[in-house]
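Indexing begins at 1, ligand by ligand and atom by atom, following the structure's order.
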Amino acid sequence: MTSTPSNNPAAPVITIDGPSGAGKGTVAQSLADQLGFHLLDSGAVYRAAAIIALKASADISSETSVLAALDTFQATFHPQGTDGVRVKIGDEDVTGELRTQQTAEIASQIAVMQAVRAALLDEQRSFRQSPGLVADGRDMGTVVFPDAQLKVFLTASVQERAERRAKQLKQKGIETTMRTLVAEIESRDQRDSTREHAPLVAAEGALYIDSSSLSIDQVVDQIVTAAKLVT
Ligand code: DC
């Protein structure tokens, strides 16, 4: 699943790791816009891999089967300015499938597989291009870009993240209970942070930000201030 040219290790990188719902995506996008940097939404890379596995009817419980699917199909990523990224598999635009619950669930399941993580490394590193990169994910500062100039760990309480998710779903006309959302978030957090390979943990020296009672702008300002000291 490769597509882009080799990376430029000299380009500065700011990593933003943390659980889903902490506001990483919006913060990373806004930060990349302010700095004029490229953006890597690494969750989209895992989600694209999940869609590939589904399309290839891979056995999701088998690392070999998922890897064979990734070898067969290619995903390409097309940044859309402030609209995030469009993803194609071959000629097929699968952007609409990226954010579904099913895709998220399978992405989380295949993300525990070390060989799958290794297969997605080059793809992620290829986003490191001048003038710089903001990389959003779970292991950006710990594994993918351990030499990043600035590492941020962004989190928020489970309750706050569930409320944000409920709001997003409501906008899409999907009703759900807070109880269900809290349970889903807790179970995904548990799997992401206790998995054997590249678990979700703050990188050493990371700037720790709890966004529970902060606006997106306040979080971005904190990171821009810290970035000025290191880039
Ligand atoms: O951030 P997200 O919800 O789009 O991520 C989807 C899944 O991909 C998530 O369950 C964990 C996995 N993931 C990962 O393991 N490492 C990353 N750097 C990004 C995402």
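- Side chain of Asp192 to main chain of Leu200: no donor-acceptor pair is present (N/O by atom type, distance under 3.5 Å, no hydrogens or angles).
- Using a 4.0 Å cut-off to heavy atoms of Met140, the atoms of ligand 1 that qualify are 18 (N).
- Note that CG of Leu67 and OG1 of Thr72 are 10.5 Å apart. Values are rounded to the nearest 0.5 Å.
- Counting atoms of ligand 1 from 1 in the listed order, those under 4.0 Å from a heavy atom of Ala111 are 12 (C), 15 (O).
- When each atom of ligand 1 is checked for a heavy atom of Ser108 under 4.0 Å away, the hits are 10 (O).
- Exactly one residue among Leu133, Val134, Asp41 makes a side chain to side chain contact (heavy atoms under 4.5 Å, CB included) with Phe127. That residue is Leu133.
- Checked against a 3.5 angstrom limit, the closest N/O atoms of Ser42 and ligand 1 fall inside it.
- The shortest N or O to N or O distance between Gln124 and ligand 1 is not below 3.5 Å.
- Looking at Met113, Lys24, Arg138, Glu105, it is Arg138 that brings a heavy atom closest to atom 17 (C) of ligand 1.
- Within ligand 1, counting atoms from 1 as listed, the ones closer than 4.0 Å to a heavy atom of Ala107 are 7 (C).
- The CG atom of Leu154 sits 9.5 Å away from atom CG of Leu207, with the distance rounded to the nearest 0.5 Å.
- Side chain to side chain, Tyr46 and Arg117 meet the donor-acceptor criterion of an N or O pair below 3.5 Å.
- Of the heavy atoms in Asp192, only side-chain atoms (C-beta onward) come closer than 4.0 Å to ligand 1.
- The shortest heavy-atom distance from Arg191 to ligand 1 is not under 4.0 Å.
- The CG atom of Leu31 sits 12.0 Å away from atom CD of Gln222, with the distance rounded to the nearest 0.5 Å.
- We find that Asp139 and Lys151 are not joined by a salt bridge, their nearest charged nitrogen and carboxylate oxygen being 4.0 Å or further apart.
- Of the listed residues (Arg195, His197, Arg47), the one carrying the non-hydrogen atom nearest atom 6 (C) of ligand 1 is Arg47.
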